[in-house]
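Computed from a predicted structure; not experimentally measured. Every chain is numbered from 1 and lettered A, B, ... according to where its sequence line falls, protein lines coming before strand lines.
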Amino acid sequence: MRILLPDDTELALEDGATGADAAAAIGAGLARAALAVKADGRLQDLSAPLHDGARLEIVTPSSDDALELLRHDTAHVLAAAVMDLYPGVKISIGPPIEHGFYYDFEFPDGVTISDADFERIEAKMREHVKADERFAREDVSVGEALERFVREDQPYKVELIEDLVRNEGVETVSLYTNGPFTDLCRGPHGPGTKRIKAFKLQSVAGAYWRGDASRTMLTRIYGTAFFSREELAEHLERLEEAKARDHRKLGVELGLFRFSPVAPGAAFWLPHGTRVFNALVALSREMGELHGYSEVKTPQIFDSVLWETSGHWGKYRENMFVTQAEERQMAIKPMNCPGHAHLYASERHSYKELPIRYSEPGLLHRNEPSGTLHGLLRVRHFAQDDAHIFCTEEQVQDEVVGCLDFAFSTLGLFGFDVQLELSTRPENRIGSDEMWDRAEGKLRQALEDRGLAYELNEGDGAFYGPKIDYHVKDSLGRSWQLGTVQLDYSMPERFGLTYTGADDREHRPVMIHRAAFGSYERFIGILIEHLAGRFPLWLAPVQAIVLPIADRHNAYASEVVEALRAAGLRVEVDERGESVGRKIRDAELRKIPLMLVVGDAEADGGTVSVREHGAEEARGVPVAELAARIAEQAAARAA
RNA sequence: GCCGGAAUAGCUCAGCUGGUAGAGCACGUGUCUUGUAAACACGGGGUCCCGGGUUCGAGUCCCGGUUCCGGCUCCA
């Protein structure tokens, strides 16, 4: 038979030849390096037979799919080692993931695993690797596979097979055996365990079977693997570096905020953190003015009837902070929208007024489950750059585009890599299919109008309408939602919102919920990690620090500070009796954008010596010139 | 909320099989008067997370709780 290679040459092989045979026919080196093959774009084992005319690609460690394959192999080796060490353990699933793999187990009663056990497990894994066990595939009937896993008392495997039969109607399944361990697995796998040159177990965590909180909690062991020790070491190094960017660490080091057990999930903002926060609120207000938003203020605590009207009482009561006032049940607001809807309803509106855009940097409280709190990224007490647009059905499309433009011109200042997600109708929803078709179509159209790439999240919309979310990743690659645009056909109904149309009849407005940053807390957390704590001039809590060389220069230093403050800049002076080297080091560690050294020469000439991160030092800069330049730079919010 | 782990000075951490709590940095004082990433000396600083138990004796062992960390579930 003939197969086609990537360079379009043909290779003649005997009928029934495998991927391994093909690799060997091309060259001995390639045969040694080969892990698997891609036949007509589909990955398969080296030992699987090829078919005539197949377009073949040999997968080696340098191929795109190789790491995933290796990590999947390693997951099987982990399972083998765990089976050796913990008799009676039940296995579930063990896939490769973005930077490694995991395997979920149910350990026998009384056995808990912690990272202290990793050494022992890794040692056992190394034995399996050293033995270079083959990954042997076997296709068996469903009956045979079920019989096997029932006999071995592996209920999770049995359930998986039963589901495969039910959902996909399979009649046979594939089993992979490496050494003493056999797993239900689609494959493919590499030829043998010896290809696993470098691996490491990383953490242990609980994980619900099938991601269902009502089912058993399994023990998940995470690890990673590479083709060389160097690559593993580099990866671990990168993880360490990422930890150094952690906003929880930098926030404390830079004196931005703190947390305390007296208020779990709520930040205490120090003066410097508050400056950053306020600078962002100012930005949002400025953008709001530009885009036709009107700021409003609504109460913090409402009678629970408002939450019943909005529907939050039924759905989110557990997650709301409830309080009491003279026998009346009140609740602290978890969102601004009911307040805004109530405000809208308090006046009559004509179509001529629409769209009405209410913004409010409102302070919100949500009683998030304790286990979900995470620094500034998931908190119970936060503020949003929130706004609600009340508009006619015809205006929705333009308003959504406006929201996207608002968000991108705002987020664009920070250089984030923003992922857009469009979430469509969930199973539990209100409104007709026609309404959903229209609403989803408008969001999609808005994204396409602006040429924005997005991911489709089917069924993930709110019960009252579809939405577009902006997602970014933190330093450790975890994805977080920032802003959003949500169409809401429910709230206007619940609050009986109307406007008088040109036809002199009452009509229902559409409500759009939108935010660019989302929560300021989360945004600042992400921003700190993104910038590694080095804020641009316009956001920096301290924009410049004046460093007198000796204390005879302190008086001149104070003059410089005054001049710069007069230009509206946030400036400090370091008058400590320390060396210049020391003052510079400390200012660098505080990540202050500008260091202004002043000595005899500067005092004589009315200048400063400017040290700026990532730039050449500039001596003899006249103070007035510097003040004008950086004031302009800050006003322009230049990066 | 669930599973696992952790908690010692402002920060980072050491403290063995139970025997009066330590370092570096930071902070304070003094000396030095400094030219682009750490001058030197001295000093102050502790509810060893909280509550209970075991013990002659608990930072250390056991139980309960709190918060945090890593995940899972959830996230209007």
Original post:
Salt bridge check: are A:Glu625 and A:Arg629 linked by an N-O gap of less than 4.0 Å?
Top reply: no

Subject >> Check: A:Glu602 side chain, B:rG35 base, donor-acceptor under 3.5 Å >> reply: yes

Subject >> C1' gap between B:rC3 and B:rG59, integer Å >> reply: 27 Å

Original post:
Taking atom CD of A:Glu529 and atom CG of A:Leu376, what is their separation to the nearest 0.5 Å?
Top reply: 9.0 Å

**OP:** State whether A:Glu159 and A:Arg215 are salt-bridged, where the test is any N-O pair (Lys NZ or Arg NE/NH1/NH2 against Asp/Glu carboxylate O) under 4.0 Å.
**Re:** yes

**OP:** Go through A:Phe105 and A:Tyr103 one step at a time and tell me if the ring-ring contact (aromatic ring centres under 6.0 Å, His included) criterion holds.
**Re:** CA-CA 7 Å; A:Phe105 304 97; A:Tyr103 209 107; 4.9 Å; yes

**OP:** Considering only atom C1', compute the distance from B:rG46 to B:rA21 and round it to an integer number of Å.
**Re:** 8 Å

Original post:
If we take the P atom in both B:rC62 and B:rU67, what is their distance in whole Å?
Top reply: 22 Å

Subject >> Test log, rule side-chain contact (heavy atoms from CB on, under 4.5 Å), inputs A:Leu373 and A:Glu368 >> reply: CA-CA 7 Å; A:Leu373 302 178; A:Glu368 304 282 10; 4.0 Å; yes

**OP:** Ignoring backbone atoms, test whether A:Arg552 places a side-chain nitrogen or oxygen under 4.0 Å from the OP1 or OP2 oxygen of B:rU34.
**Re:** yes

Original post:
Which whole-number value in Å describes the distance from A:Phe268 CZ to B:rU67 P?
Top reply: 14 Å

**OP:** Before accepting this row, confirm whether a basic side-chain N of the pair A:Arg582/A:Asp586 lies closer than 4.0 Å to the acidic partner's carboxylate O.
**Re:** yes

Original post:
Which letter, B, S or -, goes with each nucleotide of nucleotides 25-31 of chain B from 5' to 3', with contact meaning a protein heavy atom under 4.0 Å?
Top reply: -S-----

Subject >> Rounded interatomic separation in angstrom, taking CG from A:Asp551 and P from B:rA39 >> reply: 16 Å

**OP:** Would you indicate what A:Ile113 reaches in the nucleic acid, counting non-hydrogen atoms under 4.0 angstrom: base, sugar-phosphate, or nothing?
**Re:** sugar-phosphate

Subject >> Short side-chain donor-acceptor distance under 3.5 Å, A:Thr298 and A:Glu360 >> reply: yes

Original post:
Which value, in whole Å, describes the distance between the C1' atoms of nucleotides B:rG22 and B:rU60?
Top reply: 15 Å

Original post:
Any donor-acceptor pair under 3.5 Å between the side chain of A:Ser260 and the base of B:rU67?
Top reply: no

Original post:
Is the phosphate of B:rA39, meaning OP1 or OP2, less than 4.0 Å from a side-chain N or O of A:Ser579?
Top reply: yes

**OP:** Classify the nucleic acid contact of A:Gly265 as base, sugar-phosphate or nothing, counting any heavy atom under 4.0 Å across all strands shown.
**Re:** sugar-phosphate

Original post:
Using the C1' atom in both, what is the distance from B:rG53 to B:rG18, to the nearest Å?
Top reply: 15 Å

Subject >> Distance between P atoms of B:rG15 and B:rG71 (Å, rounded) >> reply: 26 Å

Original post:
Can you tell me if A:Glu493 and A:Tyr464 form a side-chain donor-acceptor pair at under 3.5 Å?
Top reply: no

Original post:
Expressed in angstrom and rounded to an integer, what is the separation of A:Arg380 atom CZ from B:rC68 atom C1'?
Top reply: 13 Å

Original post:
Do NZ/NE/NH1/NH2 and the carboxylate oxygens of A:Asp460 and A:Lys467 come within less than 4.0 Å?
Top reply: no

Original post:
Looking for any heavy atom pair under 4.0 Å, which part of the strands does A:Ala601 touch: base, sugar-phosphate only, or nothing?
Top reply: base

Original post:
Between B:rC2 and B:rG64, how far is it from one P atom to the other, in whole Å?
Top reply: 14 Å

Subject >> Lys/Arg-Asp/Glu bridge criterion (N-O < 4.0 Å) met for A:Glu578, A:Arg585 >> reply: no

Original post:
Which is true for A:Val597 with a 4.0 Å heavy-atom rule: it touches a base, it touches only sugar-phosphate, or it touches nothing?
Top reply: base

Original post:
How does RNA chain B read in dot-bracket, base by base from 5' to 3', with Watson-Crick or G-U pairs under 3.5 Å and | used when the partner is on another strand?
Top reply: (((((((..((((.....[..)))).(((((.......))))).....(((((..]....))))))))))))....

Subject >> Nearest non-hydrogen partners of A:His235 and A:Thr224, listed with the distance >> reply: CD2-CG2, 4.0 Å

**OP:** Find the distance A:Asp574:CG to B:rA38:P and express it as a whole number of Å.
**Re:** 14 Å

Subject >> Distance between P atoms of B:rU17 and B:rC75 (Å, rounded) >> reply: 46 Å

Subject >> Separation of B:rC68 C1' from A:Lys249 NZ (nearest whole Å) >> reply: 15 Å

Original post:
Do A:Glu106 and A:Ser92 have side-chain N/O donor and acceptor atoms under 3.5 Å apart?
Top reply: no

**OP:** Taking atom CG of A:Asn428 as the centre, report whether more than 12 heavy atoms of other residues, nucleotides or ligands fall under 6.0 Å from it.
**Re:** no

Original post:
When the distance from CG of A:Asp600 to P of B:rU36 is rounded to whole Å, what number comes out?
Top reply: 14 Å

**OP:** Starting from P on B:rU34, measure out to NZ on A:Lys583 and report it in whole angstrom.
**Re:** 12 Å

**OP:** Between A:Glu253 and A:Ile549, just flag the one whose closest nucleotide in RNA chain B comes earlier from the 5' side.
**Re:** A:Glu253

**OP:** Decide, yes or no, whether a salt bridge links A:Asp212 with A:Arg210 under the criterion of side-chain N to carboxylate O below 4.0 Å.
**Re:** no

Subject >> A:Ile584 CD1 - B:rU34 C1' separation (whole Å) >> reply: 12 Å

**OP:** Do nucleotides 69-76 of chain B as a string where each nucleotide becomes B, S or -: B if the base has a protein heavy atom under 4.0 Å, S if just the sugar-phosphate does, - if no protein is that close.
**Re:** SBBBBBBB

